[in-house]
2 protein chains.
Amino acid sequence: MSLIDTEVMRGLNTQGALSHENKALLLGLELTPRYMSASEVLWQEREDTDQFCVVKEGWAYSYRNLKNGSKQIFNFYLPGDIIGIRDFGFTRRLTSVAMINKGVICPFSYQQLFELFGRSSLAVGIVATATRQQAQLSERLIYLGKYSAYEQLTHFLYEIYLRLKRIKAVENNSFFMPLTQELISDALGMSSVHVSRTFSMLREEGLVIRKRQHVMLPDPEALARLVEFNDSYIDEFLPPSFSELLKS
Amino acid sequence: MSLIDTEVMRGLNTQGALSHENKALLLGLELTPRYMSASEVLWQEREDTDQFCVVKEGWAYSYRNLKNGSKQIFNFYLPGDIIGIRDFGFTRRLTSVAMINKGVICPFSYQQLFELFGRSSLAVGIVATATRQQAQLSERLIYLGKYSAYEQLTHFLYEIYLRLKRIKAVENNSFFMPLTQELISDALGMSSVHVSRTFSMLREEGLVIRKRQHVMLPDPEALARLVEFNDSYIDEFLPPSFSELLKS
DNA sequence: TCACCAAGCTAACGTAGGTTATGAATTATA
DNA sequence: TATAATTCATAACCTACGTTAGCTTGGTGA
């Protein structure tokens with residue numbers, strides 16, 4: 001998997017926005033795959049930052065261990081996602097990142113990206129990726145602040161569903177989700193007991209059927225209606241002016 | 001105020017990182033000031049995106065009105081902050097932005113920025129700004145998720161204090177903060193009643209003295225210790241490699 | 001100076017969700 | 001196949017915070 005296969009670049013590409021030159025630059029970034037075992041740590045908070053990673057297989061997550069013993073998860077990374085943009089512009093990692101299940105990641109250095117910046121307009125793609133991730137976090141912020149656990153979990157599941165659908169990892173409204181309820185609770189800022197309770201509610205209502213790591217949403221749109229999902233931050237293409245720039 | 005006077009660019013500048021050429025480019029962005037009255041709206045959610053703004057005077061905030069009638073505030077913008085980076089890469093605004101008190105803002109178009117991208121390495125500065133804002137949000141996420149209202153408010157006040165100190169708006173541990181308790185409650189995701197309760201606690205403990213829009217923190221470091229404040233996302237300079245790039 | 005209104009304080013009461021605990025189901029390891 | 005370790009479900013109890021309400025304070029304008 002090369003950088004061109006990541007979410008944003010793929011989006012650019014399908015719009016025919018990338019010039020041959022820019023494509024060549026992206027493909028030129030040699031991405032040597034690294035095989036990761038489950039719960040293997042990519043990096044720890046406060047380590048020096050020197051690289052991004054593209055997830056090729058498996059799921060990963062960024063988190064911070066808090067002084068009170070609990071853990072806050074910021075983001076889950078699915079295949080095609082770029083990890084580490086958050087730390088771009090800082091000398092040290094702001095969060096730790098670890099694999100959830102086993103998988104494959106492809107690291108590439110900041111240095112390589114700098115060289116791109118100097119030679120091409122691809123920077124906008126990176127900026128766009130960064131803002132997209134920020135937008136995802138912002139949506140989470142809303143649900144943390146103002147909605148009940150029921151609505152939070154609904155929103156979370158629907159977001160995962162949409163992201164997996166984008167990478168063709170949903171079949172018959174079913175998908176593989178290697179998350180324990182404890183991981184979910186760390187992401188949503190609630191207790192794992194309450195995650196369980198809330199899953200029970202969703203199950204009784206027939207909205208979510210879950211068997212371990214296998215999730216089925218009989219009627220995904222019903223979930224979306226429950227939370228009035230704002231999917232522009234996931235689905236939207238780049239504005240036309242971006243495409244123009246990238247063709248040059 | 002030109003773009004060069006914004007937080008990140010100022011940081012770059014004081015490190016001697018900006019080449020003459022890049023400085024000239026930044027200064028060339030004519031920023032015509034616009035005088036804003038209190039609670040005037042800069043833009044609404046879903047409007048077309050076409051510009052950033054630099055806050056010259058006054059405070060502003062980004063927010064979204066929720067279907068349940070409440071409001072979630074994402075960010076407060078102080079003088080020197082750039083508003084609108086969040087929307088860069090999207091065709092429509094993700095949040096509304098309004099002034100809190102009266103002030104002055106300087107808009108500049110995305111188009112102008114694109115031209116910079118094509119001609120210089122300044123993109124890294126923008127990326128860095130975007131990631132810094134993201135980092136701020138991430139910290140808020142932690143406090144929303146895992147900490148009590150007391151700790152949240154403490155963290156919030158200390159963050160404002162630090163940001164104001166950076167722009168020399170703190171004197172004798174005192175500063176001007178034009179926020180009502182209701183605005184704070186919308187930002188922290190709690191009720192305004194509970195914000196008041198929590199302020200009372202902080203007052204009784206002698207940690208925060210507040211008279212309307214005037215705040216004094218007799219011992220700021222005491223607050224920092226309470227929340228183990230991670231200030232790297234506010235204070236840290238850019239990594240050396242960025243500076244190198246920007247000199248060219 | 002008075003009237004008005006927004007902002008803030010405090011109290012009383014209700015509830016969503018935290019905590020602790022126990023047991024069942026599932027997976028991993030020997 | 002037995003044993004241990006996770007993961008999940010459900011119950012009982014508790015608390016931080018939301019909600020509603022009534023009062024005080026301070027700023028603003030005629």
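Numbered from 1 within each chain, the chains take letters A, B, ... in sequence-line order. Note that this is a predicted model, so its numbers are computed, not measured.
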**Study point:** Pair of N/O donor and acceptor under 3.5 Å linking D:dG18 base with B:Arg197 side chain
**Key:** yes
Check your understanding: Got a donor-acceptor pair under 3.5 Å from the side chain of B:Arg210 to the base of C:dG8?
Key -> no
Rounded to the nearest angstrom, tell me the gap between atom [atom1] in [X] and atom [atom2] in [N].
X: A:Asn101; N: D:dT6; atom1: CG; atom2: C1'; answer: 16 Å
X: B:Ile184; N: C:dA7; atom1: CD1; atom2: P; answer: 12 Å
X: A:Gln152; N: C:dA16; atom1: CD; atom2: P; answer: 15 Å
X: B:Glu182; N: C:dC9; atom1: CD; atom2: C1'; answer: 15 Å
X: A:Leu153; N: C:dA16; atom1: CG; atom2: C1'; answer: 15 Å
X: A:Tyr150; N: C:dG17; atom1: OH; atom2: P; answer: 12 Å
X: B:Gln213; N: D:dG27; atom1: CD; atom2: C1'; answer: 11 Å
X: A:His214; N: D:dC8; atom1: NE2; atom2: P; answer: 15 Å

Closest approach to the side chain of [X], judged atom by atom: which nucleotide of [options] is it?
X: B:Ser200; options: D:dT10, C:dC9, D:dG27; value: C:dC9
X: A:Met190; options: C:dG18, D:dC8, D:dG27; value: C:dG18
X: B:Gln181; options: D:dT7, D:dT20, C:dC9; value: C:dC9
X: A:Val193; options: C:dA7, C:dG17, D:dA11; value: D:dA11
X: B:His194; options: C:dG18, C:dA7, D:dC17; value: D:dC17

Check your understanding: Contact class for B:Thr180 vs. all strands (heavy atom < 4.0 Å): base, sugar-phosphate, or nothing?
Key -> sugar-phosphate
Check your understanding: For D:dA9, does OP1 or OP2 lie under 4.0 Å from any side-chain N or O of A:Ser196?
Key -> yes
Exercise for review: Considering just the side-chain nitrogens and oxygens of A:Arg203, establish if one lies under 4.0 Å of OP1 or OP2 belonging to D:dC8.
Suggested key: no
Check your understanding: Do B:Tyr143 and B:Glu159 have a side chain donor and acceptor closer than 3.5 Å?
Key -> no
Exercise for review: Would you kindly compare A:Val195 and B:Tyr147 by the position of their nearest DNA chain D nucleotide and give the one closer to the 5′ end?
Suggested key: A:Val195
Taking [X] for the side chain and [Y] for the main chain, is one N or O donor matched with an acceptor at less than 3.5 Å?
X: B:Lys146; Y: A:Lys71; answer: yes
X: B:Ser185; Y: B:Val195; answer: no
X: A:Tyr158; Y: A:Val227; answer: no

Revision key, fill the gap. DNA chain C nearest-nucleotide lookup for A:Arg212 and A:Ser148: closer to the 5′ end is A:Ser148
Practice item. Would you please classify the geometry between the B:Phe156 ring and the B:Phe76 ring as parallel, tilted or perpendicular, with 30° and 60° separating the classes? Key: perpendicular
